[in-house]
Amino acid sequence: MTVTLADVAARAQVSPATVSRVLNGNYPVAATTRERVLRAVDELDYVLNGPASALAAATSDLVGILVNDIADPFFGIMASAIQGEIGGPGGRAGGERLAVVCNTGGSPERELTYLTLLQRQRAAAVVLTGGAMENAPHAAAVAAKLRKLGEAGTRVVLCGRPPAPDTGAFALTFDNRGGGRELTEHLIGLGHRRLGYIAGPEERTTTRHRLEGHREALAAHGIVEDPRWTVHGRYDRRSGYEATLELLRRDPSLTAVVAANDSVAVGASAALRESGLRIPDDVSVAGFDDLPFSVDAVPSLTTVRLPLSEAGARAGRIAMGREEPPPGGIATVRGELMVRGSSGVPRK
């Protein structure tokens, strides 16, 4: 059933004229009234500028790219590659489309807000990058938004994100679990048995999958994990620095530190050096993602290379309809172990 301006007015208990003023932003409206109207718009999934049924086949030239943190090279590389595929035939303005990068800052509320705004703007496509939140109510809310976008004619692609069943979204999902397992198996193969792990935020799917892979490798080799060996933090250098100092305080006999990503690994390396430990002579370090600075770290980082640019470009082509979606709508993107100078045989 089509939602009208009058429906929104009735839900918000205001006049249709007030709803129009709030949505157009061309007349002062009390803050409490504005909040009530916007809440009604969101609850009813009202689509601005006309009935949803009439707009279902009339998308705009806008493409939304959702990222957690555009300053993080992990997201910047993907966003750049996606945007590089967005131009060309299909848009009305000389064949071009406008890419809008939406920086959520890891906020679930901002993620939902951006999806709502992109729906109202009748975006031609939306690409969501990186891991999802481990929160059932939020996941259900996101799934509902993705279904609404698809029903309105928007192509939705998940890049580096787990599939969203029954939403119509296509998914290029990173094999974080497999990469985490291979990385830890490499260190175990060198002889390490006491491995500290710096995990990302507990509420992210990427964190869980990489940590599960690490633990699978430990279990496969009969290594009993000490609870002291795992610390959670943010996906940044400072977190890696602080978490490594905490790991050394808990167990000074650790011979390796596995980091949630390369930025965390750089912070871990700094903490080890300041603690008078040599890499890899005293403690080996490993990261994840193979971000551009990894090879220039001293020593260069052993890590798992995710094809971020390639995956982003493919997501962009699928979003634009220039490449067929993967069979079943889901493809697994696997990483490659990059063995470099930061990992070595443990000290005796």
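Starting from 1, each residue takes its place in the sequence as its number.
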query = According to the salt bridge (charged side-chain N to carboxylate O under 4.0 Å, His left out) rule, which pairs have a member within residues 106-115, sequence neighbours left out?
reply =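 As it turns out, the salt bridge (charged side-chain N to carboxylate O under 4.0 Å, His left out) pairs with a partner in residues 106-115, which skip direct neighbours, are Glu111-Arg161.
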key: Residue pairs involving residues 260-278 (criterion salt bridge (charged side-chain N to carboxylate O under 4.0 Å, His left out); sequence neighbours excluded)   =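 Listed by first then second residue: Arg278-Asp282.
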Any luck finding a side-chain donor-acceptor pair between [X] and [Y] under 3.5 Å?
X	Y	result
Ser15	Thr18	yes
Thr104	Asn68	no
Ser343	His186	yes

key: side chain to side chain donor-acceptor pair (under 3.5 Å): pairs with one or both residues in residues 189-200, sequence neighbours excluded   =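 Every pair satisfying side chain to side chain donor-acceptor pair (under 3.5 Å) with a residue in residues 189-200: His192-Thr255, His192-Ser284, Arg194-Asp251, Arg194-Ser253.
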task = Can you run down the side chain to side chain donor-acceptor pair (under 3.5 Å) pairs that involve residues 124-136, sequence neighbours left out, and say none if there aren't any?
result =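 As it turns out, the side chain to side chain donor-acceptor pair (under 3.5 Å) pairs with a partner in residues 124-136, which skip direct neighbours, are Glu134-Arg208.
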query = What residues form a salt bridge (charged side-chain N to carboxylate O under 4.0 Å, His left out) with Glu202, not counting sequence neighbours?
reply =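 Not a single residue meets the salt bridge (charged side-chain N to carboxylate O under 4.0 Å, His left out) criterion with Glu202.
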request  = Please identify each residue that fulfils salt bridge (charged side-chain N to carboxylate O under 4.0 Å, His left out) with Arg238, with sequence neighbours left out.
outcome  =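 Applying salt bridge (charged side-chain N to carboxylate O under 4.0 Å, His left out) to Arg238 gives Glu242.
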ask   = Looking at Phe170, does the NZ or CZ of Arg155 lie under 6.0 angstrom from its six-membered ring centre and within 45 degrees of the ring axis?
value =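 Output no; distance or angle outside limits.
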ask   = Among Val127, Leu115, Leu149, Thr167, which one satisfies side-chain contact (heavy atoms from CB on, under 4.5 Å) with Val156?
value =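 With Val156 as partner, Val127, Leu115, Leu149, Thr167 yield a single side-chain contact (heavy atoms from CB on, under 4.5 Å), made by Leu149.
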inquiry  = Given Thr207, which partner from the list His209, Glu203, Arg204, Arg210 fulfils the side-chain contact (heavy atoms from CB on, under 4.5 Å) test?
reply    =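 With Thr207 as partner, His209, Glu203, Arg204, Arg210 yield a single side-chain contact (heavy atoms from CB on, under 4.5 Å), made by Arg204.
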Carboxylate-amine/guanidinium proximity below 4.0 Å for [X] and [Y]:
X	Y	result
Arg11	Asp42	no
Arg249	Glu246	yes
Glu310	Arg305	yes

task = Determine, using the 4.5 Å side-chain heavy-atom cutoff (strictly less than), whether Leu254 and Leu218 are members of one ILVMFWY cluster.
result =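 Same cluster: Leu254 reaches Leu218 through Ile, Leu, Val, Met, Phe, Trp or Tyr contacts under 4.5 Å.
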message = Tell me if a side-chain donor or acceptor on Thr302 pairs with a main-chain N or O of Val339 at a distance below 3.5 Å.
response =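 Such a contact is absent between Thr302 side chain and Val339 backbone.
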